[in-house]
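Some notes on the structure that comes next.
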Amino acid sequence: MNTDFTTGISVLSHGALGDGVHDDTEAFQNALLAAEKTGEHVVVPAGRYAVRELHIPAHVSLCGLASYTRDTEGGSVLLACDPNAVCLIDLTNAKGAVICGLTLRGEEIGECVHGIFAEYDKKEETTDYFHIEDVKCTGFSGDGIHLVNVNKAAIHHCMFHNNHCGVHFDGCDLQFIDNRACYNRNDGFSSGEITLSHLIGCRFDHNQTNGVNITAARGLQLHANSYEANALCGLSLCAQPEKISEGISITGSTFSDNAAPNQPDEPNHDTQTDLPAPHGQMEIRYVNSLSVMANTCSVSDPALFAEFGFWIAHADHATVTSNAMHQAAKHAAWYDDFRTDGKTEYNIE
């Protein structure tokens with residue numbers, strides 16, 4: 001990412017103060033419009049900038065200095081100051097935009113203010129290709145990132161803490177790599193429908209519902225992720241008979257201390273069946289072509305045993321192999337309605 005502070009257009013040169021009190025929105029927007037004309041990137045030096053909703057032009061980079069932990073922030077910090085705004089950063093129609101090196105604080109204002117936002121009425125044929133890197137989104141009444149009907153986005157090395165959902169993405173071709181979604185009030189990552197996407201090397205922990213909650217997916221790879229201490233499921237992939245998921249690969253991941261006892265029932269559970277409420281470290285249903293391989297389940301304390309380790313139902317062409325689930329739940333696995341070519345083998349239960 002281009003974080004060269006010796007070039008580009010500084011928001012300070014357009015009047016931003018960065019004192020956390022003065023409204024710097026106009027200075028930011030003027031710098032962004034200038035960058036749209038010159039092709040340069042916009043620089044956000046270290047400071048605390050109170051801003052209202054920012055609209056990013058196409059092919060413009062907004063770059064700051066990333067310096068944060070889960071609980072503290074330094075470097076370039078943007079503070080939401082409009083409780084009636086839809087979001088802090090609006091990427092709608094900002095094809096090719098880049099956001100990097102920023103901490104975005106929602107300040108818990110409003111009823112549904114998102115951190116970074118783009119939403120279309122239907123999936124566009126054009127490519128958005130948003131690139132979001134080294135960004136922290138925290139304290140938003142809405143989602144840290146909320147992208148709906150977006151085609152192509154890359155979210156790398158980011159943190160999502162204490163939002164409604166850490167990230168909500170509906171669309172195609174998401175590269176979600178090396179991120180952490182933790183202590184969010186709902187899911188760490190949620191999706192109504194996602195296609196041809198990858199969630200790799202991420203940590204989803206201590207979210208108040210699911211670590212990852214996806215309704216329907218096609219061509220989805222979930223690899224080398226960690227799902228820890230999420231209240232309902234570490235990973236919930238629950239499609240419906242009329243819209244099943246297809247082509248799902250879940251490999252090399254760890255599940256620990258999810259679905260601890262005395263949590264509320266999984267809201268997506270199909271009450272029309274006689275299957276038990278899942279309370280599992282991982283729940284999957286209505287999927288065609290599923291591979292679950294080389295994952296581990298564990299608990300740090302027997303009192304945290306989930307009801308099930310893996311809970312998989314209504315699966316066609318599925319293989320569950322070489323997973324370690326010994327003493328990870330009251331019941332290591334529950335399989336129901338494994339149909340065509342289903343196999344479970346070499347699992348340690």
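Keep in mind the model is a prediction, meaning the values are calculated, not measured. Any value given below was found using the heavy atoms of this structure, including those in side chains, with hydrogens, waters and symmetry copies removed. This chain uses plain numbering: 1 for the first residue, then up along the sequence.
Counted by atom type alone, S10 and S13 present zero donor-acceptor pairs between their side chains at under 3.5 Å. Side-chain polar atoms of N210 and D187 form a donor-acceptor pair below 3.5 angstrom. There is a side-chain donor-acceptor pair under 3.5 Å between S190 and H168.
Aromatic ring pairs are classed by plane angle as parallel below 30°, tilted from 30° to 60° and perpendicular above 60°; the pair F204 and F189 is perpendicular. Relative ring orientation between H131 and H156 is described as perpendicular, the plane-to-plane angle rising above 60° on a 0-90° scale split at 30° and 60°.
Taken to the nearest 0.5 Å, the CH2 atom of W311 stands 5.5 Å off from the CZ atom of R285. Atom CZ in R203 sits 12.5 Å away from atom CG in D178 (nearest 0.5 Å). The SG atom of C158 sits 10.0 Å away from the CG atom of L102 when rounded to the nearest 0.5 Å. In this structure, CD1 on I155 lies 7.5 Å from CZ on F169, to the nearest 0.5 angstrom. Rounded to the nearest 0.5 Å, atoms NZ (K37) and CD1 (I9) are 10.0 Å apart. Separation of atoms CZ (F160) and NZ (K136) is listed at 11.5 Å; rounding is to 0.5 Å.
Residue R48 comes nearest to L79 through the heavy atom pair NH2-CD2, 3.8 Å, listed as atom of the first residue, atom of the second, then distance. Closest approach of A224 to S253, counting heavy atoms only: N-OG, 3.4 Å. Residue Y129 comes nearest to A154 through the heavy atom pair OH-CB, 3.9 Å, listed as atom of the first residue, atom of the second, then distance. For the residue pair P57 and A97, the shortest heavy atom distance occurs at O-CB, 4.2 Å. Here the shortest heavy-atom pairing between G188 and A181 reads O-CB, 3.6 Å. Pairing each heavy atom of Y68 with each of H157, the nearest pair is OH-O, 3.4 Å.
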Determine, step by step, whether N230 and L232 satisfy the side chain to side chain contact (heavy atoms under 4.5 Å, CB included) criterion, reporting the C-alpha distance in whole Å, the side-chain angles of both residues, the deciding distance to 0.1 Å, and the verdict. CA-CA 6 Å; N230 298 288; L232 293 180; over 6 Å; no

Given the rule in the side chain to side chain contact (heavy atoms under 4.5 Å, CB included) test, do F28 and V44 qualify, once you have shown the distances and angles that lead to the verdict? CA-CA 9 Å; F28 269 73; V44 185; 3.8 Å; yes

Using the side chain to side chain contact (heavy atoms under 4.5 Å, CB included) rule, take N225 and C202 through it: C-alpha gap first, then chi angles, then the decisive distance, then the call. CA-CA 5 Å; N225 298 308; C202 298; 3.5 Å; yes

Evaluate V11 against D24 for side chain to side chain contact (heavy atoms under 4.5 Å, CB included), listing each step before the verdict. CA-CA 9 Å; V11 295; D24 288 323; over 6 Å; no

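Using a 4.5 Å cut-off on side-chain heavy atoms (C-beta onward), E53 and D82 make no contact. Between L222 and Y227, some side-chain heavy-atom pair lies under the 4.5 Å cut-off. Looking at heavy atoms from C-beta onward, T321 lies in side-chain contact with E345 at the 4.5 angstrom threshold. The shortest side-chain heavy-atom distance between C87 and H146 does not fall under the 4.5 Å cut-off. Here the side chains of L91 and V150 are not in contact, with every heavy-atom distance at 4.5 Å or above. Side-chain contact between E246 and S289 is absent, with no heavy-atom pair separated by less than 4.5 Å. Between I284 and I250, the closest side-chain pair of non-hydrogen atoms falls below 4.5 Å. A heavy-atom distance below 4.5 Å is not found between the side chains of C112 and D143.
The main-chain N or O of S256 is found under 3.5 Å from a side-chain atom of Q281 such that the two form a donor-acceptor pair. No donor-acceptor pair closer than 3.5 Å links the side chain of N347 to the backbone N or O of M325. When atom types are taken as modelled, the side chain of R185 and the backbone of N162 share a donor-acceptor pair closer than 3.5 angstrom. Side-chain atoms of N295 come within 3.5 Å of backbone N or O of G252 as a donor-acceptor pair. Of the possible donor and acceptor atoms, one in the side chain of S141 sits under 3.5 Å from a partner among the backbone N and O of I109. At least one donor-acceptor pair under 3.5 Å links the side chain of N149 to the backbone N or O of Y120. Side chain of D170 to main chain of S191: no donor-acceptor pair is present (N/O by atom type, distance under 3.5 Å, no hydrogens or angles). Using a distance-only test at 3.5 Å, with no hydrogens or angles considered, a donor-acceptor pair links the side chain of S76 to the main chain of L65. Side-chain atoms of Q29 come within 3.5 Å of backbone atoms of H55 as a donor-acceptor pair (strictly under, hydrogens ignored). Here the side chain of T103 pairs no donor or acceptor atom with the backbone of V77 at under 3.5 angstrom.
A centroid separation of 6.0 Å or more is found between the aromatic rings of H114 and H164. Ring centroids of F310 and F255 are separated by less than 6.0 Å, placing the two rings close together.
The 12-atom threshold is exceeded at CD of Q175, counting heavy atoms of other residues, nucleotides or ligands nearer than 6.0 Å. Other residues, nucleotides and ligands place no more than 12 heavy atoms under 6.0 Å from the CD atom of E111.
Taking hydrophobic clusters as Ile, Leu, Val, Met, Phe, Trp and Tyr residues chained together by side-chain heavy-atom distances below 4.5 Å, V21 does not share a cluster with L78. At a threshold of 4.5 Å between side-chain heavy atoms, the hydrophobic network of Ile, Leu, Val, Met, Phe, Trp and Tyr places I132 and L32 in one connected group. Both L12 and L62 belong to a common hydrophobic cluster when Ile, Leu, Val, Met, Phe, Trp and Tyr are linked at side-chain heavy-atom distances under 4.5 angstrom. Taken together through direct or relayed side-chain contacts under 4.5 Å among Ile, Leu, Val, Met, Phe, Trp and Tyr, L54 and I116 form part of one hydrophobic cluster. The hydrophobic clustering, which links ILVMFWY residues whose side-chain heavy atoms are closer than 4.5 Å, places V60 and F117 apart.
For the side chain to side chain contact (heavy atoms under 4.5 Å, CB included) with L220, the qualifying choice from S249, S197, S245 is S197, the only one to do so. The side chain to side chain contact (heavy atoms under 4.5 Å, CB included) test with L290 singles out one residue from I312, T319, D316, and that residue is I312.
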